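What follows is a single structure, written as structure tokens, with notes after it.
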Amino acid sequence: MRIQLIKGDITTFACDAIVNAANSSLMGGGGVDGAIHRAAGPQLVEECKVITQRQGPCHPGQAVLTKGYNLVAAHVIHTVGPIWRGGTANEEATLRSCYENIVRLAHQHRLKTLAIPNISTGVYGFPKELAAQTVAAYFRGVREHERIIEIVTFVCFDDENLRLYRRSFSDLLEHN
Ligand code: AR6
């Protein structure tokens, strides 16, 4: 598994699946969620509706897969990050389970290339540095044994996340 870091807009990224930082309704919203729904077109929300009608809301830490519709990416993995409540509500474990479920879905559907935004670090208020460390620790653990996922690209939208990811991921990146 190769790990890459870029600054940019995830909606223009070509890969097997981009990850969306959604909310439990899966009906779209602001931030990266709004941008992904706008770029994918109205069929995306229709597929999300079918999923929530069938299995109910997507709880924090869980993830579901849809098609990508008008996106360049073939699929979208929608995950719901934790809302930061001061660190006393298992937020780190919930964020970690977002990433575990992203990897699980990638295995299940044989997705080789993923692009992932900085889940929970916008509206949901998770501290950016702790998020970067949590994500790096998780991928440090899975990278060695990974046989299906070939490339994971972390797409940072803001300079602060890019700087923090560069630091937390320094040992995981091929080129710094
Ligand atoms: N490409 C990549 N990253 C982006 C983009 C983009 N186009 N736009 C924003 N980001 P947020 P959350 C970054 O707030 O904190 C929504 O309303 C942004 O800089 O999008 O998980 C949902 O519906 C930040 O670092 O997601 C939920 O209600 C990161 O994406 C709620 O927000 C995440 O910020 C989820 O909050």
Side-chain angles (χ1 to χ4, degrees), residues 3-42 44-49 51-52 56-66 68-87 89-103 105 113-136 138-139 151-169:
I3 293 180
Q4 297 178 342
L5 200 52
I6 60 161
K7 188 180 176 209
D9 177 359
I10 204 165
T11 64
T12 61
F13 202 82
C15 58
D16 292 339
I18 62 169
V19 172
N20 183 17
N23 60 61
S24 291
S25 78
L26 300 182
M27 290 299 102
V32 70
D33 192 11
I36 288 174
H37 274 272
R38 273 193 302 278
L44 182 61
V45 83
E46 292 308 318
E47 185 175 354
C48 288
K49 269 183 203 159
I51 291 170
T52 51
C58 184
H59 297 294
Q62 295 180 342
V64 300
L65 182 86
T66 66
Y69 300 100
N70 296 338
L71 291 165
V72 215
H75 300 91
V76 180
I77 295 174
H78 306 258
T79 189
V80 180
I83 297 173
W84 183 255
R85 300 185 197 280
N90 274 328
E91 295 95 324
E92 268 184 81
T94 305
L95 187 63
R96 189 183 163 90
S97 80
C98 290
Y99 289 91
E100 288 167 354
N101 283 315
I102 291 164
V103 167
L105 281 175
T113 54
L114 304 178
I116 311 183
N118 310 127
I119 300 162
S120 278
T121 68
V123 174
Y124 280 1
F126 199 107
K128 289 179 180 173
E129 182 160 22
L130 182 59
Q133 288 167 354
T134 304
V135 180
Y138 174 66
F139 279 92
I151 309 175
V152 176
T153 304
F154 290 95
V155 182
C156 299
F157 201 59
D158 56 273
D159 287 322
E160 194 188 357
N161 265 318
L162 184 67
R163 183 176 59 76
L164 292 167
Y165 265 67
R166 276 206 181 114
R167 208 161 61 196
S168 293
F169 280 76

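Values below: all heavy atoms of this structure, side chains included; hydrogens, waters and symmetry mates excluded. When a ligand or atom number is given, it counts from 1 through the structure's own listing order. If you're wondering where the values come from, they're calculated on a predicted model, not measured in any experiment.
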For [atom], closest protein heavy-atom neighbour:
{"atom": "atom 22 (C) of ligand 1", "result": "D33 OD2, 3.5 Å"}
{"atom": "atom 21 (O) of ligand 1", "result": "S120 N, 2.8 Å"}
{"atom": "atom 15 (O) of ligand 1", "result": "G122 N, 2.8 Å"}
{"atom": "atom 3 (N) of ligand 1", "result": "F157 CB, 3.4 Å"}
{"atom": "atom 31 (C) of ligand 1", "result": "Y124 CE1, 3.5 Å"}
{"atom": "atom 33 (C) of ligand 1", "result": "N118 O, 3.3 Å"}
{"atom": "atom 1 (N) of ligand 1", "result": "I10 N, 3.0 Å"}

Ligand 1 N/O within reach of [X] N/O, cut-off under 3.5 Å:
{"X": "D158", "answer": "yes"}
{"X": "G31", "answer": "no"}
{"X": "V32", "answer": "yes"}

Should you measure from each heavy atom of [X], which atoms of ligand 1 turn up under 4.0 Å away?
{"X": "A21", "result": "21 (O), 22 (C), 26 (O), 35 (C)"}
{"X": "G8", "result": "1 (N), 2 (C)"}
{"X": "G30", "result": "16 (C), 17 (O)"}

In Å, rounded to the nearest 0.5 Å, how long is the span from CD1 of I36 to NE2 of H78?
->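 Result: 7.5 Å between the selected atoms.
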
Determine whether the side chain, the backbone, both or neither of N161 has a heavy atom under 4.0 Å from any heavy atom of ligand 1.
->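 For N161, only side-chain atoms sit under 4.0 Å from ligand 1.
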
Residue from K128, R166, K7 passing salt bridge (Lys or Arg N to Asp or Glu O under 4.0 Å) with D159 |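 Only one of K128, R166, K7 forms a salt bridge (Lys or Arg N to Asp or Glu O under 4.0 Å) with D159, namely K7.
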
Cut-off 3.5 Å, side chains only: do N20 and T79 have a donor facing an acceptor?
->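 No, no side-chain donor-acceptor contact under 3.5 Å.
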
With sequence neighbours left out, which residue pairs that include part of residues 113-133 fulfil the ring-ring contact (aromatic ring centres under 6.0 Å, His included) condition?
->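 Every ring-ring contact (aromatic ring centres under 6.0 Å, His included) pair that includes a residue of residues 113-133, provided the two are not neighbours, is W84-F126.
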
Shortest reach to atom 14 (O) of ligand 1 by a heavy atom, considering only V123, L95, T121, D9 |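 Going through V123, L95, T121, D9 one by one, V123 has the nearest heavy atom to atom 14 (O) of ligand 1.
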
Run the salt-bridge test on E100 and R96 with the 4.0 Å N-O cut-off and return the result as yes or no.
->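 Salt bridge flag = yes for R96 with E100.
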
With S120, the side chain to side chain contact (heavy atoms under 4.5 Å, CB included) member among P127, P82, P60, C98 |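 When P127, P82, P60, C98 are each tested with S120, the side chain to side chain contact (heavy atoms under 4.5 Å, CB included) holds only for P82.
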
Is the backbone N or O of H59 less than 3.5 Å from a side-chain atom of Q62, with the two atoms forming a donor-acceptor pair by type?
->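 Present.
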
D16 side chain to A73 main-chain N or O, any donor-acceptor pair under 3.5 Å?
->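 Looks like no, no N/O pair under 3.5 Å.
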
Among all residues two or more places apart in sequence or in another chain, which pass the side chain to side chain contact (heavy atoms under 4.5 Å, CB included) test with A39?
->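 By the side chain to side chain contact (heavy atoms under 4.5 Å, CB included) rule, A39 matches T11, L71.
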
Centres of the F139 and F154 rings: under 6.0 Å?
->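 Ring centres of F154 and F139 closer than 6.0 Å.
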
